[in-house]
There are 2 protein chains.
Amino acid sequence: MEEKCPIESTLSLINGKWKQMILKELSQGPVRYGQLGARISSVSSKVLTQQLREMEHDGLIRRKVFPEVPPRVEYSLTEMGASIFTVFKELRRWGLEEDAMHRGKCSFCGQCQPLFQGERQGDGR
Amino acid sequence: MEEKCPIESTLSLINGKWKQMILKELSQGPVRYGQLGARISSVSSKVLTQQLREMEHDGLIRRKVFPEVPPRVEYSLTEMGASIFTVFKELRRWGLEEDAMHRGKCSFCGQCQPLFQGERQGDGR
DNA sequence: CTGTATCCTAGCCGATACTG
DNA sequence: CAGTATCGGCTAGGATACAG
């Protein structure tokens, strides 16, 4: 197991092109694999599976298989996964406050508004 | 210019293998290029320069050239660079609180203690 | 001393095809 | 439906040599 400092360790958990978006999608309740792929349209199934596996391994999300035909798999946040939104909140707060060049919006922040209620210092775009 | 959301934008500023460590070194005052290379011993001059240039471009650090022989160049934090430590603090706080696997220490966190005074929920190793 | 210039490798990610 | 398997590109970063 890699021995990292807390900062690097935390960063490594959210390092992955689609992880924030996955976390966001799961934040509103369990989602099936296919649904995830549909909502994050430009991710390939290979990479999606890859990132899901990593996040599951890291304890951020949970994978539940239903023994049915056709197969059903639901992903959901763990407590730990839910708690990392405090980190996103700080990253976002600092970004809005200090960084000049984020006039853009991304699929995450365009809709992350509801995740950060009570914070009203910008509208995410 | 890339249009990113605040979260991604903030992450991109500290994405770089040596940036946190550079920031840490500069946090105690201006440091010369050679000194940086010496303190961060396993970074090559190419990469060190590269990351310094990016951080300068991003507004995190300042580069001051002294017109002397032999040449002297000092790097220091900008206000913005100094302010990003609040982000590190949150990343560290969450890591210590939530993530189980960071018994290790790294050169950053082994010495980041003094940077986070007033926070006493772990000793960084 | 403070960098550039080259070359090279590992890892992430995408596209496409295929499977239980 | 929920994935694997395979191939292939791109880029961050390392090693080494050289330059002003």
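Values below: all heavy atoms of this structure, side chains included; hydrogens, waters and symmetry mates excluded. Bear in mind that the values here come from a model prediction, so they are computed numbers and not experimental data.
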* Could you tell me whether a side-chain N or O of Y75(A) sits under 3.5 Å from a main-chain N or O of E56(A), the two making a donor and an acceptor? => no

Just the atom pairs and distances: protein N or O near nucleotides 5-8 of chain D's N or O, under 3.5 Å.
none

* Phosphate OP1/OP2 of dC13(C): any Q51(A) side-chain N/O under 4.0 Å -> yes

* Asked: Would a 4.5 Å heavy-atom cut-off, applied to side chains only, mark P6(B) and L91(A) as touching?
  -> no

* **pair L60(B)-L77(B): side-chain heavy atoms closer than 4.5 Å** => no

* Asked: Under 4.5 Å between any side-chain heavy atoms of I22(A) and Q51(A), yes or no?
  -> yes

* Asked: Between dA15(D) atom P and Q50(B) atom CD, what is the distance in whole Å?
  -> 14 Å

* Asked: On DNA chain C, nearest-nucleotide positions of P71(A) versus S42(A): which is more 5'?
  -> S42(A)

* Asked: How sharply is the helix from dC1(C)-dG20(D) to dG20(C)-dC1(D) bent, taking the axes over five pairs at either end and rounding to 10 degrees?
  -> 40°

* Consider only side-chain N and O atoms of W94(B) and T86(A), and report whether a donor and an acceptor are under 3.5 Å apart. => no

* Structure fact -> Looking only at dT4(D), dG3(C), dA2(D), the nucleotide nearest the T49(A) side chain is dT4(D)

* Nucleotide dG3(D), atom P - distance to CZ of F66(A) in whole Å -> 12 Å

* Less than 4.5 Å apart, any side-chain heavy atom of S44(B) and any of W18(B)? -> no

* Between dA2(D), dG13(D), dC1(D), which nucleotide has the shortest distance from any of its atoms to the side chain of Y33(A)? -> dA2(D)

* Is there a side-chain contact between E54(A) and L13(A) (heavy atoms, below 4.5 Å)? -> no

* Asked: With respect to the phosphate group of dA2(D), does any side-chain polar atom (N or O) of R32(A) fall under 4.0 Å of OP1 or OP2?
  -> yes

* **Spacing between L48(A) atom CG and dG3(D) atom C1', to the nearest angstrom** => 10 Å

* Does any non-hydrogen side-chain atom of L11(A) lie less than 4.5 Å from one of Q20(B)? -> yes

* Any side-chain N or O of R53(B) under 4.0 Å from OP1/OP2 of dT2(C)? -> no

* CD of Q35(B) versus P of dT2(C): gap in Å, rounded? -> 9 Å

* Quickly work out the R72(B) CZ to dG20(D) C1' distance and round it to whole Å. => 19 Å

* Partner residues of P30(A) under the side chain to side chain contact (heavy atoms under 4.5 Å, CB included) criterion, sequence neighbours left out -> E74(A), S76(A)

* Would you indicate what G16(B) reaches in the nucleic acid, counting non-hydrogen atoms under 4.0 angstrom: base, sugar-phosphate, or nothing? => sugar-phosphate

* Within less than 4.0 Å of OP1 or OP2 of dG3(C), is there a side-chain N or O belonging to Y75(B)? -> yes

* Asked: Over how many whole Å does the gap from E54(A) atom CD to dG11(C) atom C1' extend?
  -> 11 Å

* Structure fact -> What one should report as the nearest heavy-atom pair of V43(A) and L48(A) is CG2-N, 3.8 Å

* Asked: Rounded to the Å, how far apart are W18(A) CH2 and dC13(C) C1'?
  -> 10 Å

* Structure fact -> Separation of dG11(C) atom P from N15(B) atom CG, nearest Å, is 17 Å

